[in-house]
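For reference, the structure is listed below as structure tokens.
Letters A, B, ... are given to chains in the order of the sequence lines, protein chains preceding strands, and every chain is numbered from 1.
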Number of protein chains: 2
Amino acid sequence: MATGNAEATKARILEAARDEFSAHGIAGARVDRIAKAAGCNKNLLYIYFQSKETLFATVLEQNLRRVYDELRFTPDDLPGYAARVFDFSMAEPGLMRLMAWAGLEQETGAVALRNAAQSAKVSAMEAAAREADGPGARFAPEFLLTAILALATAWSAASPFGPRLSPGLATDPATLRMQIADAVASITGAPRTGP
Amino acid sequence: MATGNAEATKARILEAARDEFSAHGIAGARVDRIAKAAGCNKNLLYIYFQSKETLFATVLEQNLRRVYDELRFTPDDLPGYAARVFDFSMAEPGLMRLMAWAGLEQETGAVALRNAAQSAKVSAMEAAAREADGPGARFAPEFLLTAILALATAWSAASPFGPRLSPGLATDPATLRMQIADAVASITGAPRTGP
DNA sequence: TGTCGCCATCTAACCGGTTAGTCAACGCTA
DNA sequence: TAGCGTTGACTAACCGGTTAGATGGCGACA
């Protein structure tokens, strides 16, 4: 582990940092723990990333970008999008928690990224609505988008309402997924996939 | 401020603690700041409440109880309930943040309280559904309840999706309230209040 | 009535462990 | 040997929690 793999070390640090921040937030995270988990010295963190806050910002941005890359937005199939968001939120509880921490702490860094993603989606929804000129949607795109995201992530690890209540008898993900898509369908007025 | 009003001092501490915890969470909160804001000595906190964690638990439970007292649950008018939850979440952003922090940190104290409230509501919904024996609801009560809460609080200060995006052009609360109630109506199948 | 002692309330100062952040040097590779 | 990657040792500040004591109202007793 001597030389040559600075890039690998950086990646290891980012991964460890992701876990630590996801578990404890910025204020609760311990730099020593991150270094230990990454199998390197604490000082490396400060050489590669300037500070704890910068490290968090980097981790957040990197993972947020992953979300936007992996989650294709389909303005003409919002129930399907909701289902995919749900899948993602269940597959990556750590990432959900990370986003929740970032929201609570006054983390300003990723706001721009999020705003851009949001307005892109809103535009796409407007375009889709214009194309299929039906009866005119009941809700504005901004409202729908937030509602869909809230619904799709309501059962994730970061939500105060979902998993912590009655942990044993959690509905199995498959039916939950279907119900979410169904609910979104009835809000948007889209045709339901189920019977 | 010498003697006699221990009760008042305790209340002042609890208020200051609520603000501090709401702003910074448990790990980020500073006991010194709480004491200063409460206008008393730090040691009093440790006399009246045993530790920082206990103080947080006390603050949380007190405020959670307030929620359950002030928010009447109406199983036969879920859109109205959603609207009231929304109003509450907008009127008390600090409390929303407090609950979000408690969810992220592994705060176990208030779970029992919440579970009790949840199952009471689920029972009430089942009873209401049995009484008005319509076509049988599309969704199970547990699902509906979580969905409603997620929707109603999606625009609160604690939500990652709502207010932080496009802060200037936030839809005004009145229409937002109506839209939420409307969305809940279309999920539950309840008659809509609007046209 | 004066005053003595008691107890609840509250405070200033302190403590020891922890934490973010730094520094000077070492080894490996080219 | 030049330099990047890496490290152990270090520090200054911070922070939760503690200790010893000040303040002042109040009842008991003479």
Side-chain angles (χ1 to χ4, degrees), chain A residues 1-61 98 101-102 104-109, chain B residues 1-61 98 101-102 104-109:
Chain A
M1 209 175 296
T3 61
N5 40 2
E7 240 25 64
T9 307
K10 264 191 216 179
R12 259 186 0 257
I13 291 176
L14 282 172
E15 193 190 328
R18 194 184 68 120
D19 293 346
E20 176 76 8
F21 283 129
S22 158
H24 304 104
I26 300 184
R30 294 293 165 249
V31 179
D32 289 296
R33 275 201 297 250
I34 296 176
K36 191 179 172 188
C40 75
N41 190 275
K42 182 169 46 154
N43 192 32
L44 273 189
L45 307 194
Y46 290 96
I47 289 174
Y48 293 145
F49 315 92
Q50 295 88 317
S51 67
K52 194 193 193 186
E53 318 267 313
T54 309
L55 180 55
F56 180 84
T58 308
V59 168
L60 181 66
E61 196 196 309
L98 203 66
W101 287 115
L104 282 179
E105 327 232 354
Q106 265 77 357
E107 178 55 33
T108 54
Chain B
M1 208 172 296
T3 61
N5 41 0
E7 237 31 59
T9 306
K10 264 191 215 180
R12 259 187 0 256
I13 291 176
L14 281 172
E15 194 190 327
R18 194 184 68 120
D19 293 346
E20 177 76 9
F21 284 129
S22 160
H24 304 104
I26 301 185
R30 294 295 164 249
V31 179
D32 289 295
R33 274 201 298 249
I34 296 177
K36 191 179 171 188
C40 74
N41 190 275
K42 180 169 48 154
N43 192 30
L44 272 190
L45 307 195
Y46 290 95
I47 290 174
Y48 293 143
F49 315 92
Q50 294 89 316
S51 68
K52 194 193 192 185
E53 319 267 313
T54 308
L55 180 56
F56 180 84
T58 308
V59 168
L60 181 66
E61 196 197 309
L98 203 66
W101 286 116
L104 282 178
E105 327 233 354
Q106 264 77 355
E107 178 56 34
T108 52

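- Note: CZ (A:Arg33) to C1' (C:dA20) measures 14 Å, nearest angstrom.
- For residues 24-50 of chain A, the salt bridge (charged side-chain N to carboxylate O under 4.0 Å, His left out) pairs, not counting sequence neighbours, are A:Glu20-A:Arg33, A:Asp32-A:Lys42.
- C:dT19 atom P lies 17 Å from atom CD1 of A:Ile26, rounded to whole Å.
- At the phosphate of C:dC10, OP1 or OP2 sits under 4.0 Å from a side-chain N or O atom of B:Thr9.
- Residue contacts for A:Ala35: at a heavy-atom cut-off of 4.0 Å it reaches no nucleic acid atom on any strand shown.
- Closest of all the heavy-atom pairs between A:Ala102 and A:Leu60 is CB-CD2, 3.6 Å.
- To the nearest 0.5 Å, atom OG1 of residue A:Thr9 and atom CG of residue A:Asn41 are 11.5 Å apart.
- Taking CZ of B:Arg18 as the start and CD1 of B:Ile13 as the end, the distance is 15.5 Å to the nearest 0.5 Å.
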With a 3.5 Å cut-off and sequence neighbours excluded, list the donor-acceptor pairs that the side chains of residues 52-59 of chain B form with protein atoms.
unit_1	atom_1	unit_2	atom_2	d
B:Lys52	NZ	B:Ile26	O	2.8
B:Lys52	NZ	B:Ala29	O	2.9
B:Thr54	OG1	B:Ser51	OG	2.9
B:Thr58	OG1	B:Thr54	O	2.7

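- In this structure, the side chain of B:Asn5 does not engage the main chain of B:Glu7 through any donor-acceptor pair within 3.5 Å.
- The OH atom of B:Tyr46 sits 19 Å away from the P atom of C:dC14 (whole-angstrom rounding).
- Contacts of B:Ala8 with the nucleic acid, taken as non-hydrogen atoms under 4.0 Å apart, are absent.
- As a whole-Å value, the separation of A:Leu44 CG from D:dG8 P is 10 Å.
- Of the two residues near DNA chain D, A:Asn43 and B:Asp32, the one whose nearest nucleotide lies more 5' is A:Asn43.
- We find that CZ of B:Arg12 is positioned 13 Å from P of C:dT9, with the value rounded to whole Å.
- When rounded to the nearest whole Å, the span between CD1 of B:Ile13 and C1' of C:dT9 equals 11 Å.
- At whole-Å resolution of the value, CG in A:Asn41 and C1' in D:dA9 are 10 Å apart.
- Contact check of residues 47-57 of chain A against DNA chain D (heavy atom, cut-off under 4.0 Å) returns A:Ile47, A:Tyr48.
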>> Go through it in stages, so that I can follow the logic: the residues are A:Tyr46 and A:Val31, the test is side chain to side chain contact (heavy atoms under 4.5 Å, CB included), and I'd like the CA-CA distance, side-chain angles, deciding distance and then a yes or no.
In response: CA-CA 10 Å; A:Tyr46 290 96; A:Val31 179; 3.6 Å; yes
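- Rounded to whole Å, the distance from NZ on B:Lys42 to P on D:dC14 is 13 Å.
- Put simply, B:Arg30 has a side-chain N or O that comes within less than 4.0 Å of OP1 or OP2 on D:dG16.
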